[in-house]
Amino acid sequence: MAKSSPNSERDHKDPPRPTINITDGTLIPLKDEGGLLSSWNISFFGAIALLIALPLFSPDPYLRILAFVPDGLFATFSVTLISICFSLVIGLFAGLGRISQRAWINRIATVYVEIIRGIPLLVQLFYIYYALGPLLKLQGPPAAILAMSICYGAYMAEIFRAGIQAIPKGQMEAALALGLSRGNALRKIIIPQTIRVILPPIGNEFIALLKDSSLVSILAVSDLLRRGREYASTSFRYFESYTVIALIYLVMTLFFSRLVAAMEERLRHRGNVH
Amino acid sequence: MATFIEIKKAVKTFGKLQALNGVDLSVQKGEVVLIIGPSGSGKSTLLRSINRLERLDSGSITIDGESVTDEGSDIRHIRQEVGMVFQSFNLFPHLKVVDNITLSPTTVLKKSKEEALENARRLLAKVGLSEKEHAWPDELSGGQQQRVAIARALAMNPKVMLFDEPTSALDPEMIKEVLDVMTDLAREGMTMLIVSHEMGFARAAADRIIFMDSGQIVEEAPPETFFTSPKEDRTRRFLEHIL
């Protein structure tokens with residue numbers, strides 16, 4: 001009895017291609033990278049040590065600065081968190097639009113992504129706050145959130161699109177063959193698998209947004225950077241003020257990048273995604 | 001016996017490739033039809049047209065009198081009655097074995113959790129995997145995954161089962177366990193269309209063998225006739241390669 005070669009129909013699969021893995025957030029720490037003296041440990045604990053040592057040895061102005069700027073943390077985090085939530089919603093729909101089989105939906109979503117990704121965030125902030133200001137009549141914080149959400153929505157859309165397309169085509173076919181509607185197949189089969197794939201890149205976008213939120217300081221939003229600027233401009237302690245601001249941003253982004261790395265690790269262990 | 005699946009003048013092209021080039025085929029209720037042919041001969045496309053995973057360019061397909069090819073037909077209703085098993089299993093990796101099986105009955109047929117679970121357990125016993133109820137798909141061997149996939153398709157209580165190269169991705173020692181399940185199904189009177197080159201299975205369980213080449217049916221005959229005295233040259237040449 002002869003059998004067909006078990007591989008005969010699988011030969012069309014693409015050969016493995018070399019891939020590069022670059023993120024635009026802070027470097028995601030890998031597990032076995034240098035142990036105690038890993039670059040992450042040096043940067044993170046170094047920054048914390050400086051934030052403790054500087055006010056200790058030189059309370060004026062460092063302690064004053066440290067007392068003054070944390071007010072801005074609230075604005076920084078609320079702009080970041082609210083924007084990330086909106087951008088996820090925009091990104092999900094735009095991402096679904098990017099893979100929609102309806103040509104006009106597809107076109108709208110793609111044009112949105114192209115336009116937004118082609119304009120610097122700072123220009124978009126100016127555009128919504130100043131250029132469209134008379135029309136929208138938005139205060140600083142809502143304008144900032146709107147601009148950041150629209151901007152990051154486009155990046156999220158690409159993550160959702162890539163995540164959904166990373167799920168093998170057979171998953172949708174199997175779901176449809178079982179009689180599921182396309183919507184049910186998306187909700188119960190495709191999206192749950194997509195989330196595991198896209199959580200780490202979304203974490204990276206969160207970190208990137210946290211950093212980019214410093215741009216909103218120009219829209220009269222009292223975020224971390226603006227508080228630093230305010231202190232510096234009244235005390236003329238530019239070096240000290242911006243050193244503290246830089247260290248606080250560094251601690252935050254490094255902390256979150258470690259969180260994202262841990263999440264990635266957990267997903268890999270639980271990952272039933274093939 | 002009544003005609004159950006009726007395919008008329010099916011035509012399908014992918015770009016320049018003529019996958020189906022005017023295929024006529026009717027399948028009786030309870031019949032087990034095996035489709036063989038060289039790769040690219042259109043056999044998978046034919047199978048996938050039956051539940052409209054591929055849309056025909058022209059021609060028509062009806063199942064139990066219901067049109068598959070009419071744009072206005074309720075394709076989801078038809079798909080509920082047509083089980084499909086894929087070469088690459090396509091189990092849902094984020095769902096446990098039992099949830100893979102109960103998903104569609106509870107979502108589509110609105111069966112109660114208890115009823116679906118009871119049915120899933122019965123089907124897992126039938127494919128010999130009762131102990132794997134709570135396993136994740138990636139914890140199973142290929143043969144076990146494919147048996148779960150068969151159980152999942154059967155959970156919808158289909159009137160016909162389509163098998164698209166169900167053993168082609170399996171290691172040789174796992175092929176038999178899947179074929180055994182399929183043989184049982186055939187004995188129980190399930191209407192089956194199978195794209196496969198498992199000739200031992202063809203002899204044991206098939207009522208009819210269809211040989212396709214270049215998007216056309218070249219020859220069809222009961223297994224014995226087909227293997228011992230094929231009429232067409234092309235069939236003979238193909239059989240020389242695979243037997």
Side-chain angles (χ1 to χ4, degrees), chain A residues 1-14 99-103 160 163-200 202 263-264 266-274, chain B residues 36 38-39 44 48 51-53 75-96 100 103-105 107-109 136-139 142 149 152-153 155-156 158 162 164-165 167-172 174-175 196-201 203 239 241-243:
Chain A
M1 183 173 99
K3 291 198 175 83
S4 65
S5 151
N7 287 321
S8 61
E9 294 286 324
R10 290 193 287 177
D11 289 343
H12 62 275
K13 273 196 181 167
D14 289 340
I99 53 171
S100 170
Q101 286 164 349
R102 283 191 203 122
F160 275 104
I164 291 171
Q165 286 179 337
I167 308 303
K169 220 176 102 217
Q171 292 289 308
M172 178 56 100
E173 289 186 346
L176 292 180
L178 283 166
L180 266 71
S181 65
R182 201 164 271 275
N184 263 334
L186 273 175
R187 262 198 308 283
K188 299 191 176 229
I189 305 300
I190 306 299
I191 304 274
Q193 294 184 60
T194 304
I195 286 173
R196 293 182 183 200
V197 184
I198 65 176
L199 267 183
I202 285 180
M263 182 172 74
E264 216 172 5
R266 258 195 66 197
L267 286 172
R268 197 171 316 156
H269 280 298
R270 269 183 43 212
N272 299 294
V273 179
H274 44 226
Chain B
I36 67 172
S39 79
S44 281
R48 292 161 55 84
N51 62 353
R52 216 207 267 169
L53 286 182
I75 189 63
R76 281 185 54 209
H77 180 255
I78 294 170
R79 283 172 176 161
Q80 289 162 35
E81 307 196 321
V82 180
M84 187 158 199
V85 174
F86 300 86
Q87 178 183 353
S88 49
F89 328 135
N90 295 347
L91 291 185
F92 305 132
H94 62 301
L95 299 177
K96 289 187 171 177
N100 262 277
L103 175 81
S104 195
T107 312
V108 179
L109 302 180
W136 294 100
D138 67 353
E139 294 166 350
R152 179 177 70 177
M156 292 298 282
L162 310 175
D164 190 2
E165 308 219 22
T167 56
S168 301
L170 294 178
D171 292 335
M174 292 170 189
I175 291 178
S196 172
H197 288 160
E198 297 295 340
M199 293 306 136
F201 173 79
R203 284 205 179 87
L239 285 175
H241 281 295
I242 64 164
L243 287 179

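In what follows, every chain begins at residue 1, and chains take the letters A, B, ... in the order their sequences are listed. For the numbers below, each heavy atom of this structure counts, side chains included, while hydrogens, waters and symmetry mates do not. Treat the numbers as computed from the prediction; the structure is a model and nothing was measured.
- A 4.5 Å side-chain heavy-atom check between A:Ile189 and B:Leu103 finds at least one atom pair inside the cut-off.
- Interface remark: B:Phe86 contributes side-chain atoms only to the contact with chain A (heavy atom separation under 4.5 Å).
- The two residues B:Ser104 and A:Leu178 have their closest heavy-atom pair at OG-O, 2.7 Å.
- Side chain of B:Gln80 to backbone of A:Ala177: no donor-acceptor contact under 3.5 angstrom is found.
- Of all non-hydrogen atoms in B:Phe92 and A:Ala174, the two that sit nearest each other are CE2-CB, 4.0 Å.
- With A:Glu173 as the partner, the salt bridge (charged side-chain N to carboxylate O under 4.0 Å, His left out) test is satisfied by one option alone out of B:Arg79, B:Arg52, B:Arg48: B:Arg48.
- A pairwise comparison of heavy atoms in B:Pro93 and A:Gln171 identifies CD-OE1, 3.4 Å as the closest pair.
- Summarising the geometry, atom NZ belonging to A:Lys169 is positioned 10.0 Å from atom CG belonging to B:Asn90; distances are rounded to the nearest 0.5 Å.
- Using a 4.5 Å cut-off between heavy atoms, B:Val82 contacts chain A through its backbone alone, with no side-chain atom that close.
- Under a 3.5 Å cut-off, the side chain of B:His94 and the backbone N or O of A:Lys188 do form a donor-acceptor pair.
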